[in-house]
Amino acid sequence: MEYNFREIEKKWHQRWVAQQTYKVTEDPNRKKFYVLNMFPYPSGAGLHVGHPLGYIASDIYARYKRLQGFNVLNPMGYDAYGLPAEQYAIQTGQHPAITTEQNIARYREQLDKIGFSFDWSREVRTCEPGYYHWTQWAFQKMFGSFYCNTCKSAQPIEKLVEHFEKEGTANLDVAQSEELSFTANDWNAFDAVKRQQVLMNYRIAYLAETMVNWCPALGTVLANDEVIDGVSERGGFPVEQKKMKQWCLRVSAYAQRLLDGLDTIEWTDSLKETQRNWIGRSEGAEIVFKVKDSDKSFTIFTTRADTMFGVTFMVLAPESELVQELTTPEQKAAVDEYLAYVKKRTERDRISDRKVTGVFSGSYAINPFTGEANPIWISEYVLAGYGTGAIMAVPAHDSRDYAFAKHFGLPIVPLVEGCDVSEESFDAKEGIVCNSPKAGVTPYVDFSLNGLTIKEAIAATKKYVREHNLGRVKVNYRLRDAIFSRQRYWGEPFPVYYKDGMPQMIPEACLPLELPEVDKFLPTETGEPPLGNAKCWAWDTKNNKVVDNALIDNTTVFPLELNTMPGFAGSSAYYLRYMDPHDDKALVSAAADEYWQAVDLYVGGSEHATGHLIYSRFWNKFLFDLGVSCKEEPFQKLVNQGMIQGRSNFVYRIKDSNTFVSLGLKDQYDTTPLHVDVNIVSGDVLDIEAFKAWRPEYATAEFILEDGKYVCGWAVEKMSKSMFNVVNPDMIVEKFGADTLRLYEMFLGPVEQAKPWDTNGIDGSHRFLKKFWNLFWNKDSFAVTDDEPTKEEMKSLHKLIKKVSEDIEVFSYNTSIPAFMIATNELSQLKCNKRAVLEPMVVLIAPFAPHIAEELWEALGHNTTVCDAQWPALDEKYLVEDTVKMMVAFNGKTRFGIDFPADADNATIEAAARNHELTPKYLEGKQIVKIIIVPKRMINIVIK
RNA sequence: GCCCAGAUGGUGGAAUUGGUAGACACGAGGGACUUAAAAUCCCUUGGCCAGUGAUGGCCGUACGGGUUCGAUUCCCGUUCCGGGCACCA
């Protein structure tokens with residue numbers, strides 16, 4: 001019987017569906033295991049061979065865990081909201097829901113061919129009301145919560161109101177946008193609108209006028225992680241800074257917990273490092289500087305409190321509110337001119353040319369340590385969004401301050417013994433402090449830092465600042481709050497209406513608030529987001545329903561929010577929804593959450609390090625505070641699959657001709673390399689007829705061949721349509737079968753590593769499956785017998801059990817596949833066709849190649865699927881060797897191995913080594929100095 | 001600039017974590033079967049040198065040092081590639 005993969009795979013796909021083989025239910029009697037892939041955005045291009053890599057890797061793990069007796073949750077769904085469907089809608093008028101539906105159908109068709117063990121009954125789509133119900137619900141909960149720094153958790157906003165009623169802002173330690181100060185009496189005197197405004201300062205989901213990354217080409221704002229080098233991540237359009245009223249999530253409140261949580265999870269060091277950088281914790285001090293000849297003062301943030309005696313000027317961010325306050329009338333014209341200049345510059349300009357620019361404000365600040373008056377400058381190198389938007393400049397020990405001081409001729413005072421600041425600043429945090437005044441010399445401070453190390457000096461200064469009320473010790477984070485509004489159509493609508501200009505939540509019982517229909521997907525003529533085109537988009541508070549805009553009276557019927565939520569909203573808690581996907585009472589029931597806990601193994605690309613993987617952790621921590629999720633960290637172990645790159649092929653056209661020259665001869669001509677479709681190239685040899693047919697202009701092409709062949713050049717590039725290097729998994733499945741594809745993708749290299757796709761090697765994997773098949777079949781008869789296997793055959797099997805079990809645990813599939821090949825070859829040479837060996841082999845290969853495993857399992861006479869089999873147990877006794885080969889080395893040079901009984905002791909080995917008849921050649925005229933025996937490995941004989 | 005991870009044949013990659021470097025696969029070369037092709041099977045395949053030959057010798061894991069009886073593996077320095085952060089005070 002031949003290995004007919006087409007029939008086998010078709011048969012088992014049908015049977016798996018019919019028998020619901022992969023449906024899972026909570027079962028308290030079985031241990032659970034939750035495997036998850038980052039769900040895909042269903043793009044119009046369909047899957048290429050790179051996409052399934054992570055799915056295959058995790059599917060192998062899921063199947064393995066199941067064979068080990070775990071109740072495995074391995075779901076799949078779609079991150080269905082996204083820009084491409086919306087842009088397609090703008091161009092063609094086709095509703096994004098239709099585009100998305102079509103793309104999902106195509107994805108599903110492609111995924112089904114590869115034989116995954118997904119429980120499709122748990123599929124989620126972020127764009128379905130039953131799903132985004134809970135996205136909206138979570139948003140409302142965030143709106144109704146504030147973050148308490150003392151109890152380190154989110155709390156209902158009502159608690160904060162209670163606090164205000166009793167003591168105003170006294171004794172308040174909470175996360176907030178600005179530090180407000182009012183009494184209980186003040187609060188009680190505020191009207192409803194004012195109270196709402198105040199509460200906005202504390203809510204975890206809040207509306208605020210903020211500087212946003214505005215992308216005019218896309219017509220929307222973007223989050224920081226969606227902007228790369230000053231251009232949009234999608235499309236590469238320029239991004240500018242703009243002040244807009246936006247929904248924000250107070251992610252920054254969770255900065256410390258996001259940082260601490262990293263120590264409790266099994267992620268790669270590099271990914272944790274990326275998140276630590278992104279969170280950007282820095283410990284320092286906030287110090288208050290008084291303005292000279294004024295009652296004003298302002299606060300700066302520094303991590304180098306030890307450099308107080310080296311401050312020679314101050315700098316404000318151009319966007320800082322202090323700029324208007326501190327600019328003197330004489331300097332106003334110059335400052336205004338500078339501000340206009342800064343405003344013109346985009347984020348990209350700032351990054352590309354780092355010119356030293358700035359202007360003097362006219363004011364001076366008094367250094368609280370020395371009493372010196374330092375000029376206050378304004379410069380774009382100070383960022384408004386970090387710290388307090390103002391710094392003290394210490395040019396001797398900060399390279400940016402140094403460049404500024406040199407450019408504007410400001411003084412530079414070094415503070416570290418032996419440092420040379422004539423050419424550049426001394427930024428290192430190592431050395432002994434000098435140049436601080438002797439104790440008692442200034443009327444301002446009564447201590448000196450001279451002689452301390454920098455670290456000691458920082459600590460001493462902080463202590464002094466705290467004790468003398470000059471400021472406070474402060475931890476700052478680079479992590480900013482997430483902008484949560486997008487001016488788009490194809491996203492979750494906010495369950496929010498506006499009354500007196502203040503947002504109100506629609507009642508929880510009325511969720512989900514469904515996305516309305518619009519005639520046009522573009523922004524309105526007045527510049528409002530696409531939802532401004534909706535005719536029926538107003539909230540009737542009497543009847544609690546969406547009604548026609550014409551009914552808006554602002555007494556009972558109010559306008560609804562026109563923005564929608566960003567892409568990360570729907571993907572932030574989807575792993576919880578998979579636990580209980582059809583629950584219409586809760587995001588996830590307590591029982592389901594209690595059973596599945598959190599994702600045990602999460603597989604996906606590292607490109608989500610500062611996006612989805614931060615937002616999800618934040619979102620989950622919030623739900624944890626609410627008691628919805630029982631685990632604080634959502635993803636216990638995370639594996640980043642490497643990207644599969646394309647391997648492009650090139651042909652070389654001789655300039656101004658239609659003649660193409662083969663790779664080896666191209667240097668003799670003046671040629672232009674052109675991408676050629678990799679599907680008409682095999683082993684870098686061009687199929688000339690297919691090439692001529694590929695494009696009309698090549699129909700008359702001529703070729704200069706080498707050895708009768710046209711050899712193409714190649715390069716590794718991103719897999720993309722424009723480079724003609726996209727390899728479609730359907731074609732591979734059609735030609736070789738899904739099992740071959742699965743095996744080959746895993747064999748290609750370590751899962752975590754980026755690697756180019758090269759279809760050429762796939763034959764090897766396919767051949768292996770045929771050999772494996774042929775262990776069971778002899779021509780057309782099933783050849784498996786019940787004979788007793790030999791020890792040697794059992795050894796082959798148990799070596800394999802050991803290797804494969806160990807490899808799967810550490811995701812090292814690329815080395816277990818060779819182990820299968822070796823075992824198959826050994827058994828094939830031994831002509832082993834015994835059930836006791838072959839049956840466990842089928843179970844071992846089932847995670848990797850499930851279709852062939854099912855077929856053979858059935859042929860072995862089982863009437864259950866191989867998925868319900870037991871992972872074979874390792875019996876070490878078959879691996880114990882009778883003899884051990886010890887390597888013998890003379891002065892470190894390895895010469896040969898000698899077999900010893902496995903239980904030989906060192907004395908026996910040493911005696912044998914001394915007397916061994918194989919050694920005289922090396923011992924002639926030499927003397928043994930010592931013999932070192934490395935247990936079970938090596939006898940090292942030192943001779944003289 | 002700072003942080004993280006790497007560098008092994010023609011190619012993808014192994015190496016029990018300090019013990020015979022190059023498993024396995026691709027590609028290449030040779031052979032068997034065949035009228036032929038496909039398919040299948042077998043042999044060779046890091047480099048250099050010696051030998052008719054079995055075989056033997058030397059070099060070899062980016063580069064330069066070090067530790068060790070012994071280093072792809074550990075330590076120090078250099079170069080190069082990839083990733084993250086970046087006027088973050």
Taking 4.0 Å as the cut-off, does a side-chain nitrogen or oxygen of T274(A) come that near to OP1 or OP2 on G83(B)?
no

Base, sugar-phosphate, or nothing for R276(A), non-hydrogen atoms under 4.0 angstrom?
nothing

So which nucleotide from A89(B), U40(B), G13(B) ends up closest to the side chain of Q753(A)?
G13(B)

With syn defined as a glycosidic angle within 90° of 0 and anti as everything else, classify U78(B).
anti

Please tell me which of the listed nucleotides, A25(B), A39(B), C85(B), lies nearest to the side chain of F747(A)?
A25(B)

With a non-hydrogen cut-off below 4.0 angstrom, is L383(A) in contact with a base, only sugar-phosphate, or nothing?
base

Of the nucleotides A25(B), G13(B), A86(B), which has the atom closest to the M821(A) side chain?
A25(B)

Side-chain N or O of N277(A) less than 4.0 angstrom from OP1 or OP2 on C4(B)?
no

Which nucleotide in C4(B), G84(B), A25(B) has an atom nearest any side-chain atom of E273(A):
C4(B)

Below 4.0 angstrom from OP1 or OP2 of A25(B), is there any side-chain N or O of Y744(A)?
no

Per-nucleotide pairing state of RNA chain B [Watson-Crick or G-U, under 3.5 Å; [ ] pseudoknot-crossing; | other strand]
((((.((..(((......[....)))((((((.......))))))(((((....)))))..(((((..]....))))))).))))....

Taking any heavy-atom pair under 4.0 Å as a contact, classify K770(A): base, sugar-phosphate, or nothing.
sugar-phosphate

